[in-house]
*Asks:* 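I'd like to ask you about the structure that follows.
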Amino acid sequence: MINSFKKIIKRAKAAHQWIKDNRQLLLLMLAIVIMLILGGCYASEHDALLSIIIGGVAGGKHITGEPLTTDLTREASPELLLNEIDQQIVKIRPMATPIDQLSRHAGAKHSGSMIVDYYNVDTKPTSTEMAQDYEEPTQASVSGDDTRIILPVNDSEIFDPSDTILVQGVYGYEPGGTKRSNQELVLYVISRSQDGELRVQAVNGKKIGNVEGCIPSIEAGTTLIRMGRAATELDVMSPQFEALPKKAQQFCQIFKMQVEQSTMQKLANKEVDWTMTDQEEAAIYDMRLGMEKSFLFGTKARIWDNVKKENVMLTGGIWWQAGKEFTYSNNNDLTQESIVDLMRQAFTGNAGSKRKILIGGSGLIGRLNKLDYHRVITATDTVTKWGIDFTELRSKFGTLYVLLSEVFDECGMEDNGMIIDPDYLQKYVHQPFSAETLNLKASGVRNVDATVLTETSCLVLRYPMAHMRIIRM
């Protein structure tokens, strides 16, 4: 018993001595245990083990208990990761290339081919015009057949049986047909033959002789507006409505720019710090200017290069794709009234956006600046959209973001412009914008540093009637 007690005392003394010798190690282990316990409590309350310790003077951020991801990196150190090269491009003189700038901000669709097939569909037209004069019958020759006539119109396909038509500028008659009404003439479509002949009758027609419901005279060029259908009580069915998209095609174009700097030029002393990076920025600007002109006024084609023995694909410009056109006189400047007409044509007759972009040459923008705007149309301060500073032009029809584009001046179209609906401008990219370094030294070609900038892309207008050309005749 005494021996056992002596052994216990001996072991206790040895343990005490070990603790004295390893005091710092035990304190470190105790600290680790406390941190683990506190970390577990924190995780149970917040479902995370993330703790960020902000450093002192350096201001650095240390992340523990969580894998390092790009989201955490951007949050803790936003400037550490570089953006995609396309985001750097959009910062290079964006005001000079608004179309290219807009297409990059709006995003692009990848194309697996140099040839892009796409579909677009317009709304069904709501109006047409009389193709020739219609003369009402005389009292001597009138008959019952004159209440149902074949109406000579430019486009009969927009009408179907049971449609009603408003004849703009032609007044109808009160019930009885003897007194002219203050309401415009309305016609009802009886049938449309396979030949396109449109047979109609009057809703508020004129009484000629003893025959009521005759259609009064209508001049050629009179606008006919399609209105709602009118069915009978027993009608179960109606003429079918078809809206089929129309297939269109566009070619992607390979845009390239090469920058070189000789080794000797790089080593030479310079009065100013002009580096390869500065040359690349200037090259990107020049490349974007060329792309802007192709995107606007290019001609879609495939040609054969007899020297290179290869086909060259050229993209088509969106100027030729626009579905509307507004012209103003060569002899007169734009007026307040003509601007109202321009905005009316731009914003009506389609289901486009109520905010569109107007870009134009210096002549057109100068005429817009000379106008004295008032309550009908107002010019507001500069607004920034898509990295571009626009002047806002407002009307009851919609809002235009106006910007000078010197590309129009360079292409001899300083008095012209274009209204674009940004919601229906689509960019297709076969090869995204990239910068590739060429090792021409190793290949024995030239003793230079060389970079090739490349993009293969095209632009299309998905809804042509939402866009409009402005041309000075």
Side-chain angles (χ1 to χ4, degrees), residues 90 94-95 97-109 116 118-127 243 245-248 250 291-292 294-298 300 315-328 338-361 364-365 368 377 379-380 383-405 407-408 413 416-429 457-471:
V90 298
M95 301 286 289
T97 54
I99 300 299
D100 183 55
Q101 179 78 2
L102 178 63
S103 67
R104 294 184 189 279
H105 268 279
K109 288 186 177 181
V116 176
Y118 64 99
Y119 287 86
N120 54 50
V121 59
D122 290 338
T123 56
K124 189 176 181 179
T126 59
S127 65
K246 182 180 180 181
K247 188 175 183 179
Q250 176 67 297
M291 294 172 68
E292 184 86 357
S294 295
F295 286 154
L296 271 169
F297 306 116
K300 181 173 77 77
T315 192
I318 61 173
W319 173 265
W320 316 110
Q321 300 175 31
K324 288 184 176 182
E325 186 172 293
F326 178 86
T327 60
Y328 66 102
S338 59
I339 294 298
V340 173
D341 293 338
L342 180 148
M343 298 187 80
R344 175 187 177 186
Q345 187 170 335
F347 288 102
T348 59
N350 60 78
S353 170
K354 291 304 177 184
R355 291 180 179 270
K356 300 186 180 184
I357 297 171
L358 189 158
I359 60 172
L364 174 62
I365 301 301
L368 292 175
I377 295 180
T380 61
V383 294
T384 301
K385 299 278 187 180
W386 308 287
I388 305 174
D389 295 330
F390 294 97
T391 300
E392 202 173 44
L393 200 62
R394 294 182 178 179
S395 74
K396 298 296 189 295
F397 296 105
T399 300
L400 288 178
Y401 296 128
V402 183
L403 179 69
L404 167 66
S405 173
V407 168
F408 279 82
M413 304 177 71
N416 297 345
M418 188 173 186
I419 294 178
I420 299 169
D421 190 332
D423 291 341
Y424 296 101
L425 176 68
Q426 181 63 61
K427 183 175 185 177
Y428 287 93
V429 175
S457 59
C458 62
L459 289 184
V460 300
L461 300 181
R462 294 300 301 268
Y463 183 13
M465 293 303 292
H467 315 270
M468 186 171 75
R469 294 182 293 271
I470 304 172
I471 300 175

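Positions are given from 1, in the same order as the sequence printed here. The model shown is predicted, which means the values in this text are computed figures rather than measured ones.
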*Asks:* What's the separation between atom CG in Leu459 and atom CD in Glu292, rounded to the nearest 0.5 Å?
*Replies:*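 Leu459 atom CG to Glu292 atom CD measures 8.5 Å (nearest 0.5 Å).
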*Asks:* To the nearest 0.5 Å, how far apart are NZ in Lys324 and CD in Gln345?
*Replies:*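 Taking NZ in Lys324 and CD in Gln345, the distance rounds to 6.0 Å.
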*Asks:* One pair to check against side-chain contact (heavy atoms from CB on, under 4.5 Å): Val383 and Asp389. What are the steps and the verdict?
*Replies:* CA-CA 6 Å; Val383 294; Asp389 295 330; over 6 Å; no
*Asks:* Holding to side-chain hydrogen bond (donor to acceptor under 3.5 Å, both in side chains), I want the full list of residues that pass it with Arg355, two or more places apart in sequence or in another chain.
*Replies:*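 With sequence neighbours excluded, Arg355 shows a side-chain hydrogen bond (donor to acceptor under 3.5 Å, both in side chains) to Glu392, Tyr401, given in chain and number order.
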*Asks:* Shortest non-hydrogen contact from Lys356 to Pro422?
*Replies:*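 Closest pair (atom of Lys356, atom of Pro422, distance): CA-CD, 4.1 Å.
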*Asks:* Please step through side-chain contact (heavy atoms from CB on, under 4.5 Å) for the pair Ile470 and Tyr328, ending with a clear verdict.
*Replies:* CA-CA 8 Å; Ile470 304 172; Tyr328 66 102; 4.1 Å; yes
*Asks:* For the CE atom of Met418 and the CD atom of Gln321, what is their distance to the nearest 0.5 Å?
*Replies:*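 Rounded to the nearest 0.5 Å, the CE-CD separation comes to 7.5 Å.
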*Asks:* Restricting to non-hydrogen atoms, name the atom on Phe295 and the atom on Cys458 that form the minimum distance, rounded to 0.1 Å.
*Replies:*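 Closest pair (atom of Phe295, atom of Cys458, distance): CE2-CA, 4.0 Å.
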*Asks:* I need the minimum non-hydrogen distance between Ser405 and Ile359, along with the two atoms involved.
*Replies:*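 Between these two residues, the closest heavy atoms are CB-CB, 4.2 Å.
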*Asks:* So, Arg469 side chain and Ala322 main chain: donor-acceptor pair closer than 3.5 Å or not?
*Replies:*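 Checked: pair present.
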*Asks:* Which pair of non-hydrogen atoms, one from Ile419 and one from Ala346, has the smallest distance, and what is that distance?
*Replies:*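 Of all heavy-atom pairs spanning Ile419 and Ala346, the closest is CD1-CB, 3.7 Å.
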*Asks:* Please tell me if the side chains of Ile357 and Pro98 come closer than 4.5 Å, counting only heavy atoms from C-beta onward.
*Replies:*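 They are not in contact (no side-chain heavy atoms under 4.5 Å apart), so the answer is no.
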*Asks:* Calculate, to the nearest 0.5 Å, the distance between atoms CZ and CG belonging to Phe326 and Leu342 respectively.
*Replies:*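 Between atom CZ of Phe326 and atom CG of Leu342 there are 4.5 Å.
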*Asks:* Tell me if a side-chain donor or acceptor on Gln250 pairs with a main-chain N or O of Gly316 at a distance below 3.5 Å.
*Replies:*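 Yes, the answer is positive, given that a donor and an acceptor are paired below the 3.5 Å cut-off.
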*Asks:* Side chain of Asp421, backbone of Ser353: donor and acceptor closer than 3.5 Å?
*Replies:*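 Yes; judged by distance alone, with no hydrogens or angles, the pair exists.
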*Asks:* Among all residues two or more places apart in sequence or in another chain, which pass the ring-ring contact (aromatic ring centres under 6.0 Å, His included) test with Phe297?
*Replies:*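 So Phe297 forms a ring-ring contact (aromatic ring centres under 6.0 Å, His included) with Trp319, Phe408.
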*Asks:* Report the C-alpha distance between Val402 and Ile365 in whole Å, list the side-chain angles of each, state the deciding distance to 0.1 Å, and finish with yes or no for side-chain contact (heavy atoms from CB on, under 4.5 Å).
*Replies:* CA-CA 8 Å; Val402 183; Ile365 301 301; 3.7 Å; yes
*Asks:* Give a yes or no on whether the ring-centroid distance for Phe347 and Phe397 is below 6.0 angstrom.
*Replies:*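 Not under 6.0 Å, so no.
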*Asks:* Would you indicate whether the side-chain heavy atoms of Met343 and Leu400 approach each other to under 4.5 Å?
*Replies:*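 In short, these two side chains touch, coming nearer than 4.5 Å.
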*Asks:* Compare all side-chain heavy atoms of Lys427 with those of Ser457 and state whether any distance is below 4.5 angstrom.
*Replies:*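 Yes, side chains in contact.
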*Asks:* Measuring only between side-chain heavy atoms, which start at C-beta, is Leu358 closer than 4.5 Å to Leu364?
*Replies:*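 Yes. Closest side-chain heavy atoms under 4.5 Å.
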*Asks:* CD1/Ile420 to CG/Leu461 distance, rounded to the nearest 0.5 angstrom?
*Replies:*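 Result: 7.0 Å between the selected atoms.
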*Asks:* Would you give the length of the straight line joining atom CG of Leu296 to atom CD1 of Ile99, rounded to the nearest 0.5 angstrom?
*Replies:*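 It is 5.0 Å, given to the nearest 0.5 Å.
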*Asks:* For Asn416 and Ile471: C-alpha separation, side-chain torsions, deciding distance, then whether side-chain contact (heavy atoms from CB on, under 4.5 Å) applies.
*Replies:* CA-CA 5 Å; Asn416 297 345; Ile471 300 175; 4.0 Å; yes
*Asks:* Is the number of heavy atoms from other residues, nucleotides or ligands within 6.0 Å of NZ (Lys300) greater than 12?
*Replies:*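 Yes - once you tally the heavy atoms of other residues, nucleotides and ligands closer than 6.0 Å, there are more than 12.
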